[in-house]
Protein chains: 2
Amino acid sequence: MAVTIKDVAKKANVAPSTVSRVISDNPRISDATKKRVRKAMEELGYHPNVNARNLAIRSTQAIGVIMPSSAETSLQNPFFPEVLRGIGSMALETGYSLYVSTGGDDTQSFEEVKRMVYGNRVDGIILLYSRRNDPIMNFLVKEKFPFVLVGKPYKKESQITYVDNDNIQASKKMTEHLIELGHRRIAYLGGTTDLVVTTDRLDGYKQALSAANIPINEKFIIHDEFLRSSGRKAVEKLFSFSEPPTAILVADDMMSLGVINMLEELGIECPEDVSITSFNNLYLSEITRPSLTTVDINIYSLGIQSAKSLIERLKAKDEPVKRVIVPFEIKYRNSTRALTE
Amino acid sequence: MAVTIKDVAKKANVAPSTVSRVISDNPRISDATKKRVRKAMEELGYHPNVNARNLAIRSTQAIGVIMPSSAETSLQNPFFPEVLRGIGSMALETGYSLYVSTGGDDTQSFEEVKRMVYGNRVDGIILLYSRRNDPIMNFLVKEKFPFVLVGKPYKKESQITYVDNDNIQASKKMTEHLIELGHRRIAYLGGTTDLVVTTDRLDGYKQALSAANIPINEKFIIHDEFLRSSGRKAVEKLFSFSEPPTAILVADDMMSLGVINMLEELGIECPEDVSITSFNNLYLSEITRPSLTTVDINIYSLGIQSAKSLIERLKAKDEPVKRVIVPFEIKYRNSTRALTE
DNA sequence: CTGAAAGCGCTAACAC
DNA sequence: GTGTTAGCGCTTTCAG
């Protein structure tokens, strides 16, 4: 087997405990022996065994990251690698490792989480999505296991540390923008209503309409899986009305791509015939045609902040529950235009 | 602390070793005691401590996944979540966990790998990219640490287990398709030549041209970061020739998006003015406009196979080095058309 | 300042 | 079939 702390101890003529202290840079060790021990470590090519260490200190220096169950095509959404990048960079900086669960179906996802929690694999967890009545989140809460949520909790908001954008506000601002451009018939296309982010964005939309005294037309509000053809019917229907929308607020960049594509098949051009606004500011929203007017939600920063909050909590058990709101910024591009009729 | 194997042993009136045997479902334990022990575990809410187990068996049941250093925008490429999904599903099935390194810069990436390897954090590693003279791969080879590569090794091919498509063939086929469509002036746009996949696809392109007796025009071969504006100059130049290309073989779907976008800004339409073929068949290649004629490289399967190969290797130390070639399939869509002039 | 020794929770001979 | 007993490699009192 590999070289252990004992080998180093022997070579440096000290006790294993001394070596251990050198590793953790304990100030009570004389510089002389420190130097000697380090030299021995060097020569032997010693590297501490993390497992043994973790067992002894009952911690793992690892955090678990839970993606939504991959049944959904959602995983192809570049949102995830991007948060991961943020989380990863913070983890690196603080010496934590990343354990990732990519899901499978809901049951498997849950199993993975149990393994992480019960098996002492990770010290804390970051949940990359928020939906109502999520069994995993309920489990984490029940077990009092440290975790932070990326997104807004469906309930028990005050008891859960989470990192989110102000999606209601962002959506409201975006809708107001459309209104300023002269649009009145504005539709909302969102994904599954299970996700809190979807309903938040819907709320913002409604608020803006109400504030502008535009009646809310329930027929203009559609929830569907727009990535697949199933969404086509919905879009077709939307434009079969005698007074179809002149603008659409779409809840996600990937979805927008799909919607624009469907529209084109129906002979409806964006932005000429209909303006589209979107969310997330994925890299591709800039290079798609038309480039998307979209809300930059700062995905990377969501990752950074969530990792930061979790790690703070792990270091100080009594760290208070907190909410971190990452600012958003609207990117004005070419998928919207003023209504001139 | 949590409930341990001893607690269960006591409660079930057996020795800890018996409990351990029940956990691993050792056939030498009578069904009666098995039942009794399981009941005790149930009642106590016992879950084995993975760290302790790992320490005892000197293994971690975890595999490390190394992404390219995230300096590159490449991480926003949905390729990664998709392989991850494949790897994850295989890992789940076999009881392995996933450790992910998201990079940071090259140095940090390397550090992470060392931590994984030396710290005994993972049993094996999957490298998600292949480039020439990659220090990480060299390190892994030198340390004789079990790993598999997604992509083709730059050298020492016979000593490294890897999972890849036949990119040369795929590229050749695609180029032939363009030739059949009547194109003669075909350009190749690829990413950094560091990546083996880039050069493989270039090779296939060249082979097809040569086979068709079309001289290779070096001015038609461009390597650049097409995601950013830097690529624009290259594209502009390409179309400033008196005889510009009528078709372009682009090495990646995301890149194709960017290229089509640039072309449009130059007033060049796809497929009317220029045909474009692409690689990867990301989900978005179907919903972009025009939808992309692209090579489906079966990303998910690349993930599955790489995990499978690694795990086989981990289970049998003497498992031979192997090469797995995942089949590709060309998806014919709307970014290409026959040349009629 | 440093050493000795007792664990952390589990597995794996080796007995019986 | 099941119990006993050493470890796995590291940390951490407690002495000195």
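We name chains A, B, ... by the order of the sequence lines, and we start the count at 1 in each one.
- In this structure, R53(A) does not reach the dG9(D) phosphate: none of its side-chain N or O atoms is under 4.0 Å from OP1 or OP2.
- For dG3(D), its base sits under 3.5 Å from the side chain of R21(B) at one donor and acceptor pair at least.
- In this structure, CD1 of I23(B) is placed 13 Å from P of dG9(C), rounded to the nearest angstrom.
- When each of dG3(D), dG9(D), dG9(C) is scored by its nearest atom to the side-chain atoms of A56(A), the top-ranked nucleotide is dG9(D).
- Under the 6.0 Å cut-off for aromatic ring centres, Y118(A) and F145(A) do not qualify, their centroids lying 6.0 Å or more apart.
- Side-chain contact, R131(A) with Y154(A): no donor N or O sits under 3.5 Å from an acceptor N or O.
- Side-chain proximity of Y46(A) to dT4(D), dC10(D), dC8(C): nearest is dC10(D).
- Where the helix from dC1(C)-dG16(D) to dC16(C)-dG1(D) starts and where it ends, the local axes point in directions that differ by 40°; five pairs per end, rounded to 10°.
- Between dT11(D), dG3(D), dA12(C), one nucleotide has an atom nearer to the side chain of I57(B) than all others, and that is dA12(C).
- Using modelled atom types, one finds no donor on one side chain facing an acceptor on the other under 3.5 Å when comparing S309(A) with S306(A).
- Within 6.0 Å of NZ on K34(B) lie more than 12 heavy atoms contributed by other residues, nucleotides or ligands.
- Nearest nucleotide to the side chain of N49(A), out of dC10(D), dT2(D), dG3(C): dC10(D).
- Checked against the 6.0 Å centroid criterion, the rings of F80(A) and Y129(A) do not qualify as a close aromatic pair.
- Using a cut-off of 4.0 Å between Lys/Arg side-chain N and Asp/Glu carboxylate O, K39(A) and E43(A) are scored as salt-bridged.
- For the segment residues 28-36 of chain A, residues with any heavy atom less than 4.0 angstrom from an atom of DNA chain C are, sorted by number, R28(A), I29(A), S30(A), T33(A).
- The 5' end of DNA chain D is approached more closely, in terms of each residue's nearest nucleotide, by A15(B) than by the other of P48(A) and A15(B).
- Y118(B) has no side-chain polar atom (N or O) that falls below the 4.0 Å cut-off from OP1 or OP2 of dG9(D).
- The shortest distance between the side-chain N/O atoms of S17(A) and the OP1/OP2 oxygens of dG3(C) is not below 4.0 Å.
- Atom-to-atom, CG of N51(B) to C1' of dT11(D) comes out at 14 Å; the value is rounded to the nearest Å.
- Counting heavy-atom neighbours within 6.0 Å of K6(A) NZ, excluding the residue itself, gives a total of 12 or less.
- Using a 4.0 Å cut-off, some side-chain N or O of S20(B) falls inside it from OP1 or OP2 of dT11(C).
- Look at CE on M41(B): it is 17 Å from P on dG9(C), rounded to the nearest Å.
- Residue-level contact check: L55(A) touches the bases, meaning some heavy atom is under 4.0 Å from a base atom.
- The base of dT11(D) lies outside donor-acceptor range of the side chain of S24(A), with no N or O pair under 3.5 Å.
- Taking atom CD1 of residue I5(A) and atom P of nucleotide dG3(C), one finds them 12 Å apart after rounding to whole Å.
- Residues S59(A) and D123(A) have side chains that bring a donor and an acceptor to within less than 3.5 angstrom of each other.
- Residue whose closest nucleotide on DNA chain C sits further toward the 5' end, between P16(A) and N26(A): N26(A).
- When only modelled atom types and interatomic distance are considered, Y99(A) and T60(A) share no side-chain donor-acceptor pair under 3.5 Å.
- Within the 4.0 angstrom heavy-atom criterion, no nucleotide atom of any strand lies near V19(A).
- Taking atom NE2 of residue H47(B) and atom P of nucleotide dC8(C), one finds them 20 Å apart after rounding to whole Å.
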Going through the checks in order, is the salt bridge (charged side-chain N to carboxylate O under 4.0 Å, His left out) test met by R115(A) and E111(A)?
CA-CA 6 Å; R115(A) 272 190 6 192; E111(A) 284 310 313; over 6 Å; no

